[in-house]
Q: 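Mind looking over this structure? Questions follow.
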Amino acid sequence: MRHILILGGTTEGRRLAEELAKAPGVRVTSSLAGRVSEPRLPPGEVRVGGFGGADGLADWLREHRVDTLVDATHPFAQGISRNAARAAATAGVRLLALRRPGWLPVPGDRWHLVDSLEQAAAALPALGRRALLTTGRQGLAAFARVEDVHLVARSVEPPDPPLPADLTVLLSRGPFHLDDERAVFREHRIDVLVTKDSGGAATAPKLAVARELGLPVLIVRRPGLPDGVPTVPDVAGALGELGLGCDTVGPIGPE
Ligand code: NAP
């Protein structure tokens with residue numbers, strides 16, 4: 001049995017586990033950080049919680065005889081990707097990164113690119129008075145001292161303090177559809193959007209709504225992956241790299 005460990009917490013990680021669970025001769029384990037109280041669980045084995053740094057992950061890889069480590073974590077989950085690169089090198093395990101491509105602007109977009117949430121917070125008051133923040137609950141602290149802007153923050157779980165004073169929290173989990181996004185912008189009278197460049201279709205409709213309304217969008221650029229990690233953009237690419245194309249797992253299910 002080949003043992004593949006997927007570092008997940010993303011749609012792509014779950015979709016890859018679904019495909020690998022169909023492959024003969026493959027044991028698949030998905031690892032989740034445990035940030036979400038009721039995660040959507042992939043098929044195959046699942047473990048939850050940190051490994052205790054790169055050394056802990058390297059120990060886990062050796063102990064569980066992992067052949068390939070797939071880093072399918074979110075493009076902004078920097079710590080775990082760094083640990084994955086170090087641990088794979090230490091344990092002598094093959095590493096593959098699965099990263100959905102970032103978004104690209106199209107005509108009509110009014111994007112303002114920044115390098116961090118802190119830069120986004122500093123730039124925000126000049127761009128609008130009512131902001132939809134889709135940067136995740138962990139990033140909300142960066143906006144704690146923003147003044148003169150009403151913040152509407154969307155997250156899966158309630159955010160922890162310190163929280164901005166002028167805040168509405170919307171608890172919901174994607175995918176988000178175009179009409180629902182239009183309703184959010186309308187109901188909350190949003191005049192600026194703040195997002196990370198997460199990429200992917202599931203959360204892209206908010207960008208289309210901002211474009212329709214001619215609103216500015218503050219976009220936090222992605223951090224890079226550690227040097228030299230082979231990277232694929234989608235599940236089909238990952239299966240190909242793993243030598244498990246459609247001949248082995250059959251047609252790939254819908255996204
Ligand atoms: P992070 O800052 O890169 O990781 C912090 C620590 O959390 C890691 O050192 C590791 O702990 C643990 N960890 C992270 N991902 C893990 C995984 N898949 N399995 C086991 N342990 C994991 O990560 P983050 O930005 O907090 O993201 C946490 C998880 O949420 C990731 O799995 C990511 O895919 C998902 N996610 C993140 C974002 C985002 O915007 N950052 C958005 C959507 C989903 P140890 O050092 O103890 O091993």
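Every number for a ligand or one of its atoms is a count from 1 in the order of the listing. Counting begins at 1 with the first residue of the sequence.
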Q: Atom 27 (O) of ligand 1: which protein heavy atom is closest, and how many Å away?
A: Ala77 CB, 3.9 Å

Q: Let me see the working for Asp71 and Arg99 under salt bridge (Lys or Arg N to Asp or Glu O under 4.0 Å), right down to the final yes or no.
A: CA-CA 8 Å; Asp71 174 10; Arg99 279 290 177 286; 3.1 Å; yes

Q: Do any N/O atoms on Arg35 end up under 3.5 angstrom from N/O atoms on ligand 1?
A: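 Yes: some nitrogen or oxygen of Arg35 is under 3.5 Å from one in ligand 1.
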
Q: Closer than 4.0 angstrom: is that true for some heavy atom of Gly136 and an atom of ligand 1?
A: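 Per 4.0 Å heavy-atom rule, Gly136 does not contact ligand 1.
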
Q: Do Ser31 and Arg47 have side-chain atoms, one donor and one acceptor, less than 3.5 Å apart?
A: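 Distance-only check passes for Ser31 and Arg47.
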
Q: Does Gly53 have a non-hydrogen atom less than 4.0 Å from ligand 1?
A: yes

Q: Go through the steps for Arg137 and Glu157 under the test salt bridge (Lys or Arg N to Asp or Glu O under 4.0 Å), then give the verdict.
A: CA-CA 7 Å; Arg137 68 183 165 118; Glu157 302 275 327; 5.5 Å; no

Q: Would you say Thr168 and Arg130 are linked by a side-chain donor-acceptor pair, where the criterion is simply a distance under 3.5 Å?
A: no

Q: Between ligand 1 and Gly49, can you find any atom pair, the residue atom being a heavy atom, that is separated by under 4.0 Å?
A: yes

Q: Considering the options His3, His64, Arg27, which one meets the side-chain hydrogen bond (donor to acceptor under 3.5 Å, both in side chains) requirement together with Glu45?
A: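 With Glu45 as partner, side-chain hydrogen bond (donor to acceptor under 3.5 Å, both in side chains) holds for just one option, Arg27.
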
Q: Please check whether Lys196 reaches ligand 1 - meaning an N/O of the residue sits under 3.5 Å from an N/O of the ligand, judged on distance alone.
A: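 N/O-N/O distance under 3.5 Å: yes.
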
Q: Within the structure, is a non-hydrogen atom of Leu57 found at a distance of less than 4.0 Å from ligand 1?
A: no

Q: Report yes or no: does a heavy atom of Arg82 sit under 4.0 Å from some atom of ligand 1?
A: no

Q: Tell me whether Arg189 forms a cation-pi arrangement with Phe185, defined as NZ or CZ under 6.0 Å from the six-membered ring centre and within 45 degrees of its axis.
A: no

Q: Could an N or O of ligand 1 be found under 3.5 Å from any N or O of Ala72, whether backbone or side chain?
A: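 N/O-N/O distance below 3.5 Å does not exist for this pair.
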
Q: Checking the side chain of Thr10 only, and the main-chain atoms of Ala72 only, is there a donor and an acceptor separated by less than 3.5 Å?
A: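 Side chain of Thr10 to backbone of Ala72: a pair is present.
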
